[in-house]
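So the structure is just underneath, and the comments pick up after that.
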2 protein chains.
Amino acid sequence: MTVSRVLRNRGDVSEATRERVLQTAKQLGYVPNKIAGALASSRVNLVAVIIPSMSNMVFPEVMTGITQVLEETQLQPVVGITGYMPEKEEKVLFEMLSWRPSGVIIAGIEHTDASRAMLRASGIPVVEIMDTDGTPVDSMVGISHRRAGQRMAEAILKGGYRNIGFLGTQMALDHRARKRFEGFTERLAKGGVEILDKEFYSGGSALVKGREMTQAILAREPDLDFLYYSNDMIGAGGLMYLLEAGYDIPGQIGLAGFNGVNLLKGLPKELATMDACRLETGRRAAQIIASRVEGTQTDPVSETMEPRITYGDTLRRP
Amino acid sequence: MTVSRVLRNRGDVSEATRERVLQTAKQLGYVPNKIAGALASSRVNLVAVIIPSMSNMVFPEVMTGITQVLEETQLQPVVGITGYMPEKEEKVLFEMLSWRPSGVIIAGIEHTDASRAMLRASGIPVVEIMDTDGTPVDSMVGISHRRAGQRMAEAILKGGYRNIGFLGTQMALDHRARKRFEGFTERLAKGGVEILDKEFYSGGSALVKGREMTQAILAREPDLDFLYYSNDMIGAGGLMYLLEAGYDIPGQIGLAGFNGVNLLKGLPKELATMDACRLETGRRAAQIIASRVEGTQTDPVSETMEPRITYGDTLRRP
DNA sequence: CATCGATATGTTATCGCAAACACCATGCGT
DNA sequence: ACGCATGGTGTTTGCGATAACATATCGATG
């Protein structure tokens with residue numbers, strides 16, 4: 001018990017014994033067993049973070065935000081990957097919850113009924129991130145992708161473009177991309193404009209795919225004067241292609257991506273894009289969990305951030 | 001006990017009771033407490049993965065390999081980030097080990113004495129990855145960065161380049177980059193060539209930095225006919241700059257990076273680079289842990305992979 | 001000097017599960 | 001008919017820590 005007290009800095013222990021304990025622990029290479037500790041105290045300093053993927057730059061950035069904030073607390077993030085598959089998400093969630101974490105940060109607000117039930121039943125703070133078009137189980141932080149699509153549509157219309165093409169990923173399960181697309185077409189429709197053509201891809205190097213898709217869509221529809229890409233990588237590929245092909249950008253044809261990958265700076269021309277507030281979303285989500293855990297705050301939070309548009313060199317300003 | 005048997009598929013249970021248990025568990029929303037389970041069985045299906053960073057594309061790819069393999073087992077990766085700081089690594093490692101994972105995969109073979117002691121004392125399989133220039137605690141998988149530097153130096157010399165510049169990150173603690181640099185200069189020296197100039201950076205968008213550094217180094221040394229970049233991102237930035245400035249590549253000046261980021265395809269010219277076998281390293285490391293856990297194999301493994309050079313369009317072939 | 005409070009240390013029960021073993025019923029071979 | 005393996009279920013114990021409570025020590029205080 002005294003050892004336990006020393007190692008946790010709890011309760012009164014004389015300086016002498018404290019020293020002795022620390023000394024001996026070090027000498028023995030003693031590593032406390034958190035499993036036993038957690039069982040006894042029913043306190044687990046883990047936060048489950050459930051995201052679809054780790055390989056496309058956007059989630060790592062959210063992670064960075066989460067890590068930044070949690071680092072100042074006792075909490076530690078544990079990541080689970082779903083691969084955009086709802087059943088996998090359910091499995092990962094179950095697995096995570098069975099470790100009784102102190103909180104859950106999960107991407108998106110579309111989940112299976114079972115997942116939602118588990119989250120609700122867990123009794124721990126839950127923050128759904130990166131999409132606020134819907135009703136959260138508990139708290140929610142991020143941008144509205146529908147609105148992001150709308151705002152980009154507005155900017156494009158204001159720029160005077162009318163023959164618009166859309167290029168995206170072939171992911172039925174990427175709800176955020178879908179909502180962006182929906183918001184985009186809705187807003188265009190309000191302006192009396194309809195998408196001229198669209199092109200989807202899956203897999204492969206996004207940069208290469210961007211080139212190929214751009215070539216393909218322009219072959220079909222040479223009149224296009226704007227291309228809206230569902231992410232910056234394919235946008236960058238398209239930009240590369242168009243520059244090489246000698247197009248005048250943004251006069252003859254305009255381009256925009258989505259995400260604000262800071263990799264874009266440094267390209268021959270800077271691609272227009274829209275910031276998804278990823279770092280900030282991660283930070284905020286972690287803050288919410290942290291303040292819930294320490295009891296500072298108890299109510300659910302819903303926070304919609306406003307994505308900023310960057311015109312770069314590929315979208316005519318109004 | 002019967003419930004426990006049903007949920008773990010262990011031992012004989014009649015079909016009738018099994019059904020009843022499953023049914024009831026679902027109805028109650030029962031989530032087994034892994035903490036208690038782990039304590040009782042002293043089995044934890046977690047593998048600690050300790051890496052310096054998540055934000056530069058290379059570690060996520062290793063993670064992908066690890067995940068791929070572990071997915072076919074009961075094991076689950078848990079990630080810890082060190083930020084290239086040895087003391088942070090020590091802290092993270094301690095934290096992880098206190099959860100008594102089934103194995104550890106850790107980047108690099110340079111660790112504090114305390115870290116090494118902990119790894120040894122833990123009694124679990126340990127795989128040190130991505131660097132094989134040194135002695136591992138237990139197993140080790142990856143490439144020799146010293147050798148990678150040497151091989152690139154050879155290729156450059158064979159290409160006929162003699163006025164060589166080096167551009168890299170200012171990371172005293174990135175041992176792999178350092179070893180690559182050392183191997184590079186050693187091999188050049190053997191060919192009677194010495195680096196003409198070098199340039200280091202830290203922070204910021206790698207693409208932009210690559211442009212700036214390239215401009216700077218060429219302003220100082222206009223005679224340079226080859227630039228070796230310590231990663232592909234700054235290399236791509238440099239490539240961009242040189243193309244815009246109208247250099248003849250790879251005739252007038254050659255370029256090479258390191259890492260084989262598949263993003264490079266799709267650039268106006270494909271940057272020469274060297275594959276670090278990241279995916280394969282991750283897969284192999286996970287396999288080693290898995291086979292150790294299931295007892296298939298008990299001996300330490302040391303495996304050095306051979307990085308493949310890609311000439312692309314920026315390095316003259318011999 | 002008895003009492004009290006504070007500091008310092010020890011004892012016991014408990015967390016939720018699985019290992020180990022005990023037990024009973026059934027069916028099979030000899 | 002008997003022993004024995006097997007399937008199906010229950011009981012007890014222990015994992016390694018912490019919570020809660022108990023005890024010891026000491027000095028100050030009235």
Side-chain angles (χ1 to χ4, degrees), chain A residues 1-46 48 74-76 78 93-102 118 121-124 293-295, chain B residues 1-46 48 73-76 78 93-103 118 121-124 293-295:
Chain A
M1 209 43 229
T2 299
V3 170
S4 172
R5 278 193 267 258
V6 170
L7 297 177
R8 288 180 303 146
N9 281 320
R10 233 177 278 284
D12 300 307
V13 181
S14 73
E15 195 48 41
T17 27
R18 156 181 228 80
E19 277 308 317
R20 242 175 77 221
V21 168
L22 253 26
Q23 165 78 22
T24 313
K26 178 162 233 171
Q27 189 186 327
L28 293 176
Y30 173 72
V31 179
N33 188 328
K34 285 221 177 195
I35 296 176
L39 184 61
S41 65
S42 53
R43 253 184 300 245
V44 181
N45 65 340
L46 300 175
Q74 299 282 56
L75 299 167
Q76 256 213 328
V78 184
L93 182 60
F94 185 81
E95 198 78 5
M96 293 258 169
L97 287 181
S98 69
W99 284 102
R100 303 290 188 267
S102 293
M118 279 193 273
S122 69
I124 56 176
V293 167
E294 54 178 75
Chain B
M1 209 42 228
T2 300
V3 170
S4 172
R5 278 193 267 257
V6 169
L7 296 177
R8 287 179 305 145
N9 281 321
R10 230 175 279 282
D12 301 306
V13 181
S14 73
E15 196 48 40
T17 25
R18 156 181 230 79
E19 277 308 317
R20 243 175 75 222
V21 168
L22 253 27
Q23 165 78 22
T24 313
K26 179 163 232 172
Q27 190 186 324
L28 293 175
Y30 174 73
V31 178
N33 187 329
K34 284 222 177 193
I35 296 176
L39 185 60
S41 65
S42 51
R43 251 181 301 234
V44 181
N45 65 341
L46 263 24
T73 72
Q74 299 281 52
L75 298 168
Q76 257 212 329
V78 184
L93 181 60
F94 184 81
E95 198 78 5
M96 294 257 170
L97 287 181
S98 70
W99 284 103
R100 301 291 188 269
S102 293
M118 279 193 273
S122 70
I124 55 176
V293 167
E294 55 179 75

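Throughout, a chain's letter reflects where its sequence line sits, starting with A, and its residues are numbered from 1.
- When the C1' atoms of four end pairs are superposed on the next four at each end of the helix from dC1(C)-dG30(D) to dT30(C)-dA1(D), using five pairs per end, the two resulting axes differ in direction by 50°, to 10°.
- Closest of all the heavy-atom pairs between Ser102(B) and Ile124(B) is O-CB, 3.9 Å.
- Remark: Ser41(B) engages Arg43(B) in a side chain to side chain contact (heavy atoms under 4.5 Å, CB included) (not counting sequence neighbours).
- Checking Asn9(A), Thr2(A), Asp12(A) one by one against Arg18(A), the side-chain hydrogen bond (donor to acceptor under 3.5 Å, both in side chains) holds for a single residue, Asn9(A).
- Partners of Arg20(A) according to the side chain to side chain donor-acceptor pair (under 3.5 Å) rule, which considers only residues two or more places apart in sequence or in another chain, do not exist here.
- With a 4.5 Å cut-off on side-chain heavy atoms, Val6(A) and Thr17(A) do not count as touching.
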- Query: When you check every protein heavy atom under 4.0 Å of nucleotides 10-18 of chain D, what one-letter string (B, S, -) results, 5' to 3'?
  - Reply: BB--BBBBS

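- Distance check, rounded to the nearest 0.5 Å: CE of Met118(A) to CG of Leu97(A) gives 6.5 Å.
- No side-chain heavy atom of Trp99(B) sits under 4.5 Å from any side-chain heavy atom of Val78(B).
- Taking each heavy atom of Arg5(A) and Gly11(A) in turn, the nearest pair found is CD-CA, 4.4 Å.
- Residue-environment remark: CD (Gln74(A)) stays at or below the threshold of 12 foreign heavy atoms within 6.0 Å.
- Protein chain B contacts DNA chain C from dG16(C) to dA20(C), reading 5' to 3' and using non-hydrogen atoms of the protein with a distance under 4.0 Å.
- The CZ-C1' distance, from Arg18(B) to dG7(D), rounds to 14 Å in whole Å.
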Result block: side-chain N/O donor-acceptor pairs under 3.5 angstrom for residues 25-34 of chain B, not counting sequence neighbours:
residue: Asn33(B); atom: OD1; partner: Ile35(B); partner atom: N; Å: 2.8
residue: Asn33(B); atom: OD1; partner: Ala36(B); partner atom: N; Å: 3.2
residue: Lys34(B); atom: NZ; partner: Glu95(A); partner atom: OE2; Å: 2.6

